Amino acid sequence: MITNIKDLEQYEGKTVRLQGWVANKRTGKGLVFLVLRDGSGYCQCVVSEEQVSNETFETAKRATQESSLQLSGAVIKDERQVGGYEIQVQEINILQETVDYPISNKEHGVDFLIENRHLWLRSRKQWAIMRIRNSVKYAIYTFFHERGFIQIDSPIFTGNAAEGTTTLFETDYYGQPAYLAQTGQLYGEAAAMAHGKVYTFGPTFRAEKSKTRRHLSEFWMIEPEMAFYDLDMDMDLIEDFIRYIVTDTYKNCKQELEILERDTALFENIGKKFPRITYDEAVQILRGERDVNGKNSIETLRDDLNEIAQRIGDIKEEISTREATIQQAGVKAGVKNFNQAKVDNLKNELRDLEEKQRNIPQWIDSALNFTHGDDFGGSDETVITRLFNTPIMVYKWPAAIKAFYMKRDEQDSEYVKGVDCLAPEGFGEIVGGSQREEDIDLLLARIKEHQLPEEVFNWYIDLRRYGSVPHSGFGLGFERLIMWLTNVPHIRETIPFPRYYGRLFP
RNA sequence: UCCUCCUUAGCUCAGUUGGUUAGAGCAUCUGACUGUUAAUCAGAGGGUCGUUGGUUCAAGUCCAACAGGGGGAGCCA
């Protein structure tokens, strides 16, 4: 019988049989340490020359990184180990000896790793990220199921370019043009009129030639839609939803978050009420005209700049000291190499800092000169959310920069009842939502204003023709959410096989 | 589409104002070491410096074009 590594605690002191792959190997005299992974976890397996046959010991020495094997041995409790247990090996049987596995335990560049994504998924951090992705997906289903929502699938082939703004993938659909869906929202609205509360959760496609760490061509979206919900109810739901996901992840993915070295401040602050501010207030905060918790956006940025300049000075000094050491006559090879490695690392850090040093003045400039009525850019969102330690809700947006289906504010018709939820620590937008326009005449007027083809929206307009009700919803980018929770630097790491501009394989 | 940076060993990167035979760490192989956590130490092998053209006595280094990639803007989740 085969045991999973995650279940080892049930077998302390007993002999078990494991199967998996060699994640890492270290050797000592008369000893081989194999770190085995089996998909469920990691476990160090010790092969001692004194305790096994010569044949078994030779086999252990032959086991290279990523070789597949089966082994049996006794389960020993050992607090020092990652899973808390290790195996005293008795027998090993190699299934396949791996030669020249491309990914080592040392650092690699993003491009190389993406090229080897099919193998990279085996790595520890990637393993943790995919498990969190799975856990969050399950939590999303649970959250909505517990609240009486029905999960509804929207089509992937659509005939209309929904909001008319973004570039879509065009394809041939039995001789007529069709587009890969960029949102399921309009279909969600139709389903909400059938079920009351629904949500879609599926892949969406954008053909923008974006090359940034926040964009994918194919990504997953969660889009709830609720009949008889106004904007306030929508915001309440967003807040409950985000808090539920974050809390659930903290509770169920402890080991994974540890592997990823995720700062836990987010999880400790998530119980606090999310501040709700209007777009106008957000603009004041951005321009530095209004402080948040005693912090001013512009001053914070200037402090950052000073700190960076300070650090750059320190690094340059350390580099010249170490280089002087290397230059000295009669320096031992070990000392020389050690210092050279330090210098290389420092130079890398220096490059990152100098990039920031170039960027921050632009951020300050963008913040100070922000024009009321514009949409926030990436840096603006960073500047605002840096001042908060919980997600924030920005609502009441200028109508001109939002989609045609958003309902106008009754008191202030230049604004719409839309909301963006921005994640803290500088992360930026994760949710965009709104109350929808339910009046058929107003909706028709908006479609005209936005110069959208009315014919393709006929079915959508029907929803206002027959029993129209106030309703609201929001959209959440699944990968953005995972990126925020795991704090990985690049969205490409949050999906098993990323698709983005220029990338179709593996 | 625009701005910016990069391309040197299997991987990550040094390589100064152009100047002898191209440098390191990791990985691989050999050896040393009773317990390592990305182990460490000693040694060995491993290169058409992205491609093409130009300047020069001499090009990894300077210039041009092209290709590939990173980051960002726009757009967005």
Side-chain angles (χ1 to χ4, degrees), chain A residues 23-35 42 44 46-50 64-65 78 80-82 86 88 99-116 123-124 163 165-167 182-183 185 204-223 323 326 332-334 336-345 347-348 351-352 354-356 358-359 362-363 366 375-379 381 401 403 420-423 427-433 474-484 489-492 494 501-503:
Chain A
N24 198 9
K25 181 173 81 166
R26 289 175 288 272
T27 56
K29 176 160 185 167
L31 284 168
V32 174
F33 301 97
L34 297 171
V35 178
Y42 289 79
Q44 175 162 283
V46 185
V47 190
S48 169
E49 193 167 15
E50 288 174 4
T64 50
Q65 193 192 0
D78 186 343
R80 290 170 303 177
Q81 301 307 328
V82 178
E86 76 172 15
Q88 281 288 313
V99 180
D100 293 335
Y101 185 68
I103 301 177
S104 71
N105 282 324
K106 293 286 177 177
E107 56 179 334
H108 297 283
V110 185
D111 194 47
F112 174 81
L113 289 168
I114 276 286
E115 203 67 49
N116 290 284
S123 302
R124 214 175 174 73
E163 292 169 29
T165 50
T166 45
T167 327
Q182 60 145 333
T183 168
Q185 183 201 312
T204 47
F205 308 88
R206 308 268 166 99
E208 291 146 2
K209 293 179 178 174
S210 293
K211 282 165 54 167
T212 84
R213 60 180 67 194
R214 300 185 311 279
H215 289 87
L216 291 169
S217 298
E218 177 183 290
F219 63 99
W220 288 64
M221 266 212 297
I222 301 104
E223 295 181 290
E323 281 181 339
I326 294 167
K332 283 183 193 164
K336 200 171 167 180
N337 291 339
F338 175 79
N339 280 289
Q340 189 61 54
K342 288 279 185 199
V343 167
D344 288 351
N345 280 333
K347 280 185 179 170
N348 276 331
R351 206 175 323 180
D352 288 351
E354 282 173 344
E355 194 181 332
K356 278 188 188 151
R358 280 194 302 271
N359 284 336
Q362 290 171 26
W363 293 10
S366 165
D375 204 353
F376 296 126
S379 74
E381 283 183 4
I401 53 168
D420 280 4
C421 180
L422 310 181
F427 187 84
E429 183 177 348
I430 46 172
V431 168
F474 64 89
L476 171 105
F478 187 51
E479 284 76 17
R480 289 258 175 102
L481 175 67
I482 303 300
M483 200 178 161
W484 173 50
H490 211 297
I491 198 164
R492 288 167 203 183
T494 63
Y501 182 56
R503 171 66 55 188

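Letters A, B, ... mirror the listed sequences (proteins, then strands); counts begin at 1. No experiment lies behind these values; they were computed from the predicted model shown. The basis for the numbers below is simple: all heavy atoms, side chains too, and nothing from hydrogens, waters or symmetry mates.
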Go through the steps for A:Phe219 and A:Arg206 under the test side-chain contact (heavy atoms from CB on, under 4.5 Å), then give the verdict. CA-CA 9 Å; A:Phe219 63 99; A:Arg206 308 268 166 99; 3.6 Å; yes
Between A:Phe427 and A:Met483, does a side-chain contact (heavy atoms from CB on, under 4.5 Å) hold up when you go through it step by step? CA-CA 9 Å; A:Phe427 187 84; A:Met483 200 178 161; 4.0 Å; yes
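Regarding A:Met483, its CE atom lies at a distance of 13 Å from the C1' atom of B:C76, rounded to whole Å. Between the CD atom of A:Gln44 and the P atom of B:U36 there is a distance of 10 Å, given to the nearest Å. Between the CD1 atom of A:Ile103 and the P atom of B:A27 there is a distance of 15 Å, given to the nearest Å. The NE2 atom of A:His215 sits 6 Å away from the C1' atom of B:C75 (whole-angstrom rounding). Residue A:Phe112 contributes atom CZ, which lies 7 Å from atom C1' of B:G10 at whole-angstrom precision. Distance CD (A:Glu208) to P (B:C2): 18 Å, rounded to an integer number of Å. Rounded to whole Å, atom C1' of B:G71 lies 12 Å from atom CD of A:Gln362. With rounding to whole Å, A:Arg503 atom CZ is found 16 Å from B:G71 atom C1'.
With sequence neighbours left out, the salt bridge (Lys or Arg N to Asp or Glu O under 4.0 Å) criterion links A:Glu115 to A:Arg503. Qualifying side chain to side chain donor-acceptor pair (under 3.5 Å) partners for A:Ser48, counting only residues two or more places apart in sequence or in other chains: none.
Regarding contacts with the backbone of B:G71, a side-chain N or O of A:His490 is found under 4.0 angstrom from either OP1 or OP2. Of the side-chain N and O atoms in A:Arg213, none sit less than 4.0 angstrom from OP1 or OP2 of B:C76. For the OP1/OP2 pair of B:A39 and a distance below 4.0 Å, the side-chain nitrogens and oxygens of A:Arg26 include at least one atom meeting the criterion. Remark: A:Arg492 is in phosphate contact with B:G71, judged by side-chain N or O atoms under 4.0 Å from OP1 or OP2.
Across B:A59 and B:G43, the matching C1' atoms stand 34 Å from one another, rounded to whole Å. Atom C1' of B:G23 sits at a distance of 11 Å from the matching atom of B:A9, rounded to the whole Å. Nucleotides B:U7 and B:G45 have their C1' atoms positioned 26 Å apart, rounded to a whole Å. Nucleotides B:U4 and B:C13, compared at atom P, are 23 Å apart to the nearest Å. The separation of B:A39 from B:C29, taken at their P atoms, amounts to 14 Å, rounded to a whole angstrom. Distance noted for atom C1' between B:G25 and B:G72: 31 Å (whole Å). The gap from the P atom of B:C41 to that of B:A27 amounts to 10 Å, rounded to the nearest Å. Nucleotides B:A65 and B:G19 place their P atoms 25 Å apart, quoted to the nearest Å.
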Taking only Watson-Crick and G-U wobble pairs with both distances under 3.5 Å, what dot-bracket line describes RNA chain B, where [ ] shows pairs that cross earlier ones and | shows pairs with another strand? (((((((..((((.....[...)))).(((((.......))))).....(((((..]....))))))))))))....
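Within a 6.0 Å sphere centred on OH of A:Tyr501, other residues, nucleotides and ligands contribute 12 heavy atoms or fewer.
A donor-acceptor contact under 3.5 Å is formed by the side chain of A:Glu86 with the base of B:G35. Below the 3.5 angstrom threshold, one finds no donor paired with an acceptor across the side chain of A:Glu49 and the base of B:U34.
We find the OG1-CG distance between A:Thr494 and A:Leu481 to be 9.5 Å, quoted to the nearest 0.5 Å. From A:Gln44, atom CD reaches atom CD of A:Glu86 across 5.5 Å, with rounding to the nearest 0.5 Å. We find the CD-CZ distance between A:Glu429 and A:Arg214 to be 10.5 Å, quoted to the nearest 0.5 Å. The distance from the CD atom of A:Glu50 to the CG atom of A:Leu31 is 8.5 Å, given to the nearest 0.5 Å.
A:Glu50 comes within contact range of at least one nucleobase, with a heavy-atom separation under 4.0 Å. Within 4.0 Å of A:Gln88, counting heavy atoms only, lies at least one base atom of the nucleic acid. If you check every strand for non-hydrogen atoms under 4.0 Å, A:Phe219 touches a base. Within 4.0 Å (heavy atoms only), A:Ile430 reaches sugar-phosphate atoms of the nucleic acid but no base atom. Residue contacts shown for A:Asp78 include a base, since a base heavy atom lies under 4.0 Å away.
Side-chain atoms of A:Leu31 lie closest to B:U34 of the nucleotides B:C75, B:A39, B:U34.
Between A:Glu479 and A:Gly502, the residue anchored closer to the 5' end of RNA chain B is A:Gly502, taking for each the nucleotide with the nearest heavy atom. Toward the 5' end of RNA chain B, the nearer of the two residues A:Asp100 and A:Asn24, judged by each one's closest nucleotide, is A:Asp100.
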